[in-house]
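First the structure, in the form of structure tokens, and then the observations on it.
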Amino acid sequence: LSPGDHRRSAGPPTRWRVVAGEVRYQWSVREVHFFERQNCSSRLWGWTPISSGSHSQHPASRAMDDDPDTTWWSRLSAAPAGSSWVGIQDGGGGYATCVRLLQDEDGDLVSATLAVEFDQGVGWTVLGTFRDLAFGGWTQRPSPGGSMWRLVPLSLPSGLWRVADLLLFTDTSCTEPIPQPYT
């Protein structure tokens, strides 16, 4: 997310939101935070939680209370893409260039894709869309450098290609493993 991409003459954004793609049941967000810096530092504080609607016991404020044991649930069940969202408004200005999201661990209550949008008082504008989101663990967009990896075979084996075990390390000498499970 680049600050220059969303500064328009209409003034600073007054609302920010994350919008779910398709969700099988209700969308469950444990935490969502918006930041001014691309490394997800300098959090936007003092904003009011907003949403597309909430399940009665799970208001939008629960997605921003710094407690991963509470959740916001969207109002709609089996929500089509774009109909469920949670965000912030009226914080006195600020540009979100990084978003951290903690979705539920239940695959039926998450979205694999989302859009980050802002409003400057003239309607919502898409800042960026993201796919292949984690559930049950924190997702940060943009992703920190060196945090996303993929395995690709050097030649195509016959039959299925399988990985039996994978260890990732924090250091180049491979002495400090990253705790599993990877999210």
Side-chain angles (χ1 to χ4, degrees), residues 1-44 47-54 60 62-64 68 71-91 93-152 182-183:
L1 305 175
S2 174
D5 293 345
H6 56 279
R7 293 185 181 166
R8 297 187 180 183
S9 60
T14 58
R15 299 188 298 169
W16 292 92
R17 70 181 182 178
V18 289
V19 182
E22 189 173 329
V23 179
R24 185 172 296 174
Y25 296 114
Q26 289 167 312
W27 191 26
S28 177
V29 175
R30 294 189 174 278
E31 290 293 318
V32 61
H33 303 151
F34 298 85
F35 298 86
E36 288 189 278
R37 296 198 179 122
Q38 286 191 334
N39 64 355
C40 275
S41 64
S42 190
R43 186 167 158 189
L44 293 175
W47 295 67
T48 303
I50 57 174
S51 72
S52 56
S54 301
R62 288 191 171 198
M64 295 163 219
T71 59
W72 166 77
W73 285 0
S74 65
R75 179 187 64 225
L76 299 174
S77 295
S83 63
S84 296
W85 56 266
V86 62
I88 54 177
Q89 72 177 5
D90 300 328
Y95 295 92
T97 61
C98 186
V99 175
R100 293 192 75 219
L101 174 74
L102 177 61
Q103 296 190 89
D104 204 278
E105 62 275 350
D106 183 338
D108 289 333
L109 302 175
V110 301
S111 177
T113 61
L114 71 79
V116 176
E117 299 180 350
F118 66 93
D119 179 23
Q120 295 171 294
V122 293
W124 292 105
T125 301
V126 176
L127 177 60
T129 56
F130 305 98
R131 64 181 211 281
D132 302 324
L133 301 175
F135 55 92
W138 284 98
T139 298
Q140 178 176 317
R141 294 296 185 267
S143 298
S147 67
M148 298 181 76
W149 301 87
R150 68 180 185 163
L151 300 174
V152 179
Y182 307 122
T183 57

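In what follows, residues are counted from 1 in the order of the sequence shown. These figures come from a predicted structure and were not determined experimentally.
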Inset, instruction - Please assess Trp16 against Leu127 for the test side chain to side chain contact (heavy atoms under 4.5 Å, CB included), listing each intermediate value before the final yes or no. - result: CA-CA 10 Å; Trp16 292 92; Leu127 177 60; 3.8 Å; yes
Inset, instruction - Output, in order, the C-alpha distance, side-chain angles, deciding distance and verdict of side chain to side chain contact (heavy atoms under 4.5 Å, CB included) for Trp85 and Ile50. - result: CA-CA 8 Å; Trp85 56 266; Ile50 57 174; 3.7 Å; yes
Inset, instruction - Show the numbers, then the answer: is there a side chain to side chain contact (heavy atoms under 4.5 Å, CB included) between Ser52 and Arg75? - result: CA-CA 7 Å; Ser52 56; Arg75 179 187 64 225; 5.7 Å; no
Legend entry - Worked verdict on Thr71 versus Arg62 for side chain to side chain contact (heavy atoms under 4.5 Å, CB included): CA-CA 5 Å; Thr71 59; Arg62 288 191 171 198; 5.7 Å; no
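Residues satisfying the salt bridge (Lys or Arg N to Asp or Glu O under 4.0 Å) criterion with Asp106, sequence neighbours excluded, are absent altogether. For Thr139, the side chain to side chain contact (heavy atoms under 4.5 Å, CB included) partners at least two apart in sequence or on another chain are Leu133, Ala134, Arg141. For the side chain to side chain contact (heavy atoms under 4.5 Å, CB included) test, residues two or more places apart in sequence or in another chain that qualify with Arg37 are Asn39, Ser41, Ser42. A search for side chain to side chain donor-acceptor pair (under 3.5 Å) contacts involving Arg15 returns Asp119, not counting sequence neighbours. Glu22 pairs by the side chain to side chain contact (heavy atoms under 4.5 Å, CB included) definition with nothing, not counting sequence neighbours. Every side chain to side chain contact (heavy atoms under 4.5 Å, CB included) that Val32 has, sequence neighbours left out, goes to Val18, Val29, Phe34, Ala63, Met64, Val86, Val99, Leu101. Taking the ring-ring contact (aromatic ring centres under 6.0 Å, His included) definition, one finds that Trp72 meets it with Trp27, sequence neighbours left out. For Arg43, the salt bridge (Lys or Arg N to Asp or Glu O under 4.0 Å) test picks out Asp66, with sequence neighbours left out. When the side chain to side chain donor-acceptor pair (under 3.5 Å) test is applied to Ser28, the partners found at least two apart in sequence or on another chain are Trp73, Asp104. For Glu105, the side chain to side chain donor-acceptor pair (under 3.5 Å) partners are Arg30, not counting sequence neighbours.
Between the Ser111 side chain and the Gly21 main chain, a donor and an acceptor come within less than 3.5 Å of each other. Checking side-chain atoms of Thr97 against main-chain N and O of Glu36 turns up a donor-acceptor pair under 3.5 Å.
Nearest heavy-atom pair across Cys40 and Arg100 is SG-CG, 3.4 Å. Of all non-hydrogen atoms in Leu109 and Tyr25, the two that sit nearest each other are CD2-CB, 3.9 Å. When every heavy atom of Gly137 is checked against every heavy atom of Leu102, the shortest pair comes out as C-CD1, 3.4 Å.
The OG atom of Ser51 sits 11.0 Å away from the CZ atom of Arg17 when rounded to the nearest 0.5 Å.
By the 4.5 Å heavy-atom criterion applied to side chains, Phe35 and Gln140 are not counted as neighbours.
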